[in-house]
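Structure, as structure tokens:
All heavy atoms count here, side chains included; hydrogens, waters and symmetry mates do not.
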Amino acid sequence: MDWNLLENFFVNISFGLLLVGLIVYWSSLAFPNFKRLNKVGITCTILTNTCLFIALLSRWILNKYFPLSNLYESLLFLTWSLTFTHIILESKNNSQIIGSINTPLCLFIIAFASFSLPSDMQQASPLVPALRSNWLMMHVTIMMISYATLIIGSLLSILFLIIAKDNKIEIQGSSTHKTTSKSLNISSLNPRYKLNNNKIINNKTPQNSKLNLLESIDNLSYRIIGLGFPLLTIGIIAGAVWANEAWGSYWSWDPKETWALITWLIFASYLHSRLNKSWKGKKPAILASIGFFIVWICYLGVNFLGKGLHSYGWLL
């Protein structure tokens, strides 16, 4: 069996499934009455996650190391983490909006990894000595899942700002607010409709519908970021322990470590502002939106901007 062909096959299938999922999720925005569209969308996401798992597993079996030796493998693993987080969140919250904002991002990452990276960068390479540790699986997996969770939560904050636009929004985010993520439904995007006893009826108060939608998005973003932040904290601690084992120091102010700390501080500030209720409406959403870009700088940007102890397996 040619493992490389098998891997490429499943990666290409993942790309096709994400494309179909994108069309389905965005169609559900325009046609909220067709509830089956959401089932098709989540099915495409589950199949994508399975295909990526098989592709990564094949590299693991063939090369006998956890598949995170280069940028290509890392991007595939990030996409798997995003789809995995998406599946869990949508099953818990019954919200199609998560798929509508997450699927385009996953599609872009897969396209970049498959079509933009040179073929030699897609080939597996031996792990450098510092990566040959049992800490690799724990630290990197937790960090990737935390990145995926924080990215989705931040995307919801960006969506919140887009919908709010120039309006003055004075809602107070709270995970215990009556408007929970379970009320976040595609029909809320259309001011002509609202849900009543699971039936879509005409909504004569579009302003209230918009406010309910904003509250739902805000609260869902808050809870998702609240889930990702502890994972980020655990990942940083695990990385510090691994760094001490590999380099003899828990913290060396490497660019990746520095930006990981900045990422932690941004989301810590966001959660602090929400917990003590010092900020309302758009202010915390702006902070979380900034966090979206900070996560990408931490994950990818520092590897393009400068060398450091974490530069192995990337472009520099």
Determine the interplanar angle of the [X] and [Y] rings, folded into 0 to 90°, and report it as parallel if under 30°, tilted if 30 to 60°, perpendicular if over 60°.
X	Y	value
W80	F84	parallel
F115	F15	perpendicular
F77	F66	perpendicular

Ring centres of W264 and F229 under 6.0 Å apart? yes
Less than 6.0 Å separating the ring centroids of Y222 and F160? no
Please determine, by modelled atom types, if Y147 and T263 share a side-chain donor-acceptor pair under 3.5 angstrom. no
Nearest-0.5 Å distance that lies between atom OG in S28 and atom CD1 in I97: 9.0 Å
d(T48 OG1, L107 CG) to nearest 0.5 Å is 9.5 Å
What verdict does the ring pair (Phe, Tyr, Trp, His ring centres under 6.0 Å) test give for W296 and F293, after you've listed the backbone C-alpha separation in whole Å, the side-chain angles of each residue and the deciding distance to 0.1 Å? CA-CA 5 Å; W296 280 105; F293 299 99; 9.7 Å; no
Which heavy atom of [X] sits nearest to which heavy atom of [Y], and what is that distance?
X	Y	value
M143	I236	SD-N, 3.7 Å
T103	G99	OG1-O, 2.7 Å
L161	S289	CD1-OG, 3.4 Å
I217	I163	CD1-CD1, 3.6 Å
K282	A164	CE-CB, 3.7 Å
S58	E7	OG-CB, 3.7 Å

Check whether any side-chain N or O of W26 sits under 3.5 Å from a backbone N or O of S100 as a donor-acceptor pair, and report yes or no. yes
Residue pair I110 / L52, side-chain heavy-atom distance below 4.5 Å: yes
Can you get from [X] to [Y] by hopping between Ile, Leu, Val, Met, Phe, Trp and Tyr side chains that sit under 4.5 Å apart?
X	Y	value
I88	F53	yes
I98	L105	yes
F292	L227	no
L155	F108	no

Could you check L75 against L117 for side-chain contact (heavy atoms from CB on, under 4.5 Å), going step by step and ending with a plain yes or no? CA-CA 11 Å; L75 289 172; L117 293 181; 4.1 Å; yes
Can you list the steps and then say if R274 with L287 is a side-chain contact (heavy atoms from CB on, under 4.5 Å)? CA-CA 11 Å; R274 299 298 297 265; L287 188 59; over 6 Å; no
Any chance you could lay out the side-chain contact (heavy atoms from CB on, under 4.5 Å) test for S14 and T79, step after step, and finish with the verdict? CA-CA 10 Å; S14 298; T79 309; over 6 Å; no
L62, L57, L56 screened by side-chain contact (heavy atoms from CB on, under 4.5 Å) with W60, the one that passes: L57
Could you walk me through whether I101 and Y25 pass the side-chain contact (heavy atoms from CB on, under 4.5 Å) check? CA-CA 9 Å; I101 62 175; Y25 274 117; over 6 Å; no
